[in-house]
Visitor: 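Right, I'll just put the structure down here and ask away after.
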Protein chains: 2
Amino acid sequence: MIEPGTRRREIDEVASELFHANGYAATSVRDIARALDIQGASLYAHVASKEDVLWSIVDHAATAFEHAADAATTEADAADPVDGLAALVEAHVEVITADPERSSVFVTEWRHLSPDRRAAIARRRDAYEARFRETIADGVAVGAFRATDPALAATFVLTALNGIATWYRPDGRLSADRIADHYVDLALRSLSEDHR
Amino acid sequence: MIEPGTRRREIDEVASELFHANGYAATSVRDIARALDIQGASLYAHVASKEDVLWSIVDHAATAFEHAADAATTEADAADPVDGLAALVEAHVEVITADPERSSVFVTEWRHLSPDRRAAIARRRDAYEARFRETIADGVAVGAFRATDPALAATFVLTALNGIATWYRPDGRLSADRIADHYVDLALRSLSEDHR
DNA sequence: CCTACCGATCGGTAGG
DNA sequence: CCTACCGATCGGTAGG
């Protein structure tokens, strides 16, 4: 972090849009600068490297998901895995729809980070996914969810949720709230005991 | 198509792996050539442009999905939307696990195609997604699926399926068949009428 | 399929 | 935040 001011946040915002639309590798430093009406080289008065911009976006997105899951877990009934999973799904959808560009960069572009940073994000993603996996396993254990593979089910649900980041439009047919409601329902039903 | 021989297929195969691992924009023509033990410029004896390689991969993947869905629909009970959706899901998973690299390039890299080709793929994707959407709508109409938004449910299921391309490993914990079975089950349950 | 080469663009630095 | 500039690499061509 070279400069914590408004300009630095504008860089992340503009870069999120460009990385989301065209991908990190296909976005040049000059593309970002042009969107801010400054010269390409001037961007380096604010950031040390192009990868630092990606890191800032990915790190903040990861933190947003983590904090939302913390809050969801705190508010949910700790004794009810169904309520717990519903809260995690709802929180995840809300983070995505609140900032789909940043979220989609987090989901799709983290492979372009340096090995160290990529490994750090991989660990945080694993820990985050474990919350879903363990909540599902708890639900299976108490008979609230049918017997299934918790890891695979967690992956099924999380990839469906992350897909929202690629297609969501704030002015689309469905509001963020309605998407969240539908996705909570689809996710819970996919794990429900009685099938047809 | 400049040359339809074995070398041309090797290029697609090697390029699929590289585009899958690093993305289209971050893969250079010389990266592809190096993997084939030839000079960068020599690649142009086989292809007219880097984008033509991407197009070949994406076009073949789209065709594979379309043909698999055709066969699935032919084999399924036309009067039973549940059987129809199960067949579509199973076929989709099988195409992905048969060639995860090509499938993931199809799912994630098509935005790097020229506007004309991108539009053509968008149309084919829409038509493909419509099969899922209409099968779900049929199931809702006959009471086999609960009343839901067919378009959103189709997106939920398809994004979960496409996620397989990003994490599947042939030597992983679960075989392709078991993944297909589980995903058919998860997808059907997500649309089931009776919830808990 | 090779060597030799092209103009354009890349991320980034120096010095103000 | 600017001008001027750097070496490296990009996709692609010419001519064999």
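Chain A is the first sequence line, chain B the second, and so forth, proteins listed ahead of strands; every chain is numbered from 1.
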Visitor: Once salt bridge (Lys or Arg N to Asp or Glu O under 4.0 Å) is applied, what residue pairs with a partner in residues 83-100 of chain B remain, sequence neighbours excluded?
Guide: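 Applying salt bridge (Lys or Arg N to Asp or Glu O under 4.0 Å) to every pair that reaches into residues 83-100 of chain B, excluding sequence neighbours, yields B:Asp99-B:Arg102.
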
Visitor: Given pairs defined as Watson-Crick or G-U wobble with both distances under 3.5 Å, what dot-bracket annotation applies to DNA chain C, with ( ) intrastrand, [ ] crossing, | other strand and . unpaired?
Guide: ||||||||||||||||

Visitor: With sequence neighbours excluded, what pairs up with B:Ser42 under the side-chain contact (heavy atoms from CB on, under 4.5 Å) test?
Guide: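 side-chain contact (heavy atoms from CB on, under 4.5 Å) check on B:Ser42 returns B:Ile38, B:Gln39.
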
Visitor: Which residues within residues 111-119 of chain A lie with some heavy atom under 4.0 Å of an atom in DNA chain C?
Guide: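 Those residues whose heavy atoms fall under 4.0 Å from DNA chain C, taken from residues 111-119 of chain A, amount to none.
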
Visitor: Not counting sequence neighbours, which residues clear side-chain contact (heavy atoms from CB on, under 4.5 Å) with A:Asp70? List them please.
Guide: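 Partners of A:Asp70 by the side-chain contact (heavy atoms from CB on, under 4.5 Å) criterion, ordered by chain and then number, come out as A:His67, A:Arg131.
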
Visitor: Give the B/S/- string for nucleotides 5-16 of chain D, one per nucleotide from 5' to 3', where a protein heavy atom under 4.0 Å of the base yields B, of only the sugar-phosphate yields S, and otherwise -.
Guide: -----SBBB---

Visitor: Show me, pair by pair, the donor-acceptor contacts under 3.5 angstrom made by side chains of residues 26-34 of chain B, not counting sequence neighbours?
Guide:
{"unit_1": "B:Thr27", "atom_1": "OG1", "unit_2": "B:Leu18", "atom_2": "O", "d": "3.4"}
{"unit_1": "B:Thr27", "atom_1": "OG1", "unit_2": "B:Gly23", "atom_2": "O", "d": "2.7"}
{"unit_1": "B:Ser28", "atom_1": "OG", "unit_2": "B:Arg30", "atom_2": "N", "d": "3.3"}
{"unit_1": "B:Ser28", "atom_1": "OG", "unit_2": "B:Asp31", "atom_2": "N", "d": "3.0"}
{"unit_1": "B:Ser28", "atom_1": "OG", "unit_2": "B:Asp31", "atom_2": "OD1", "d": "3.4"}
{"unit_1": "B:Ser28", "atom_1": "OG", "unit_2": "B:Asp31", "atom_2": "OD2", "d": "3.3"}
{"unit_1": "B:Asp31", "atom_1": "OD1", "unit_2": "B:Arg34", "atom_2": "NH1", "d": "3.2"}
{"unit_1": "B:Asp31", "atom_1": "OD2", "unit_2": "B:Ser28", "atom_2": "N", "d": "2.9"}

Visitor: Using the test side-chain contact (heavy atoms from CB on, under 4.5 Å), find all partners of B:Ala151 that sit at least two apart in sequence or belong to another chain.
Guide: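 Only A:Arg173, B:Arg133, B:Asp149 meet the side-chain contact (heavy atoms from CB on, under 4.5 Å) criterion with B:Ala151.
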
Visitor: Which pairs, with at least one residue in residues 8-33 of chain B and sequence neighbours excluded, count as a ring pair (Phe, Tyr, Trp, His ring centres under 6.0 Å)?
Guide: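 Checked against ring pair (Phe, Tyr, Trp, His ring centres under 6.0 Å) - neighbours excluded - the pairs reaching residues 8-33 of chain B are B:Phe19-B:Tyr24, B:Tyr24-B:His112.
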
Visitor: B:Glu10: what forms a side-chain contact (heavy atoms from CB on, under 4.5 Å) with it, not counting sequence neighbours?
Guide: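 With sequence neighbours excluded, B:Glu10 shows a side-chain contact (heavy atoms from CB on, under 4.5 Å) to B:Thr6, B:Arg7, B:Leu36, given in chain and number order.
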
Visitor: Can you run down the salt bridge (Lys or Arg N to Asp or Glu O under 4.0 Å) pairs that involve residues 11-29 of chain A, sequence neighbours left out, and say none if there aren't any?
Guide: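 Qualifying pairs, neighbours excluded: A:Arg8-A:Asp12.
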
Visitor: Residues in side-chain hydrogen bond (donor to acceptor under 3.5 Å, both in side chains) with A:Tyr168, at least two apart?
Guide: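 Partners of A:Tyr168 by the side-chain hydrogen bond (donor to acceptor under 3.5 Å, both in side chains) criterion come out as none, since no residue qualifies.
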
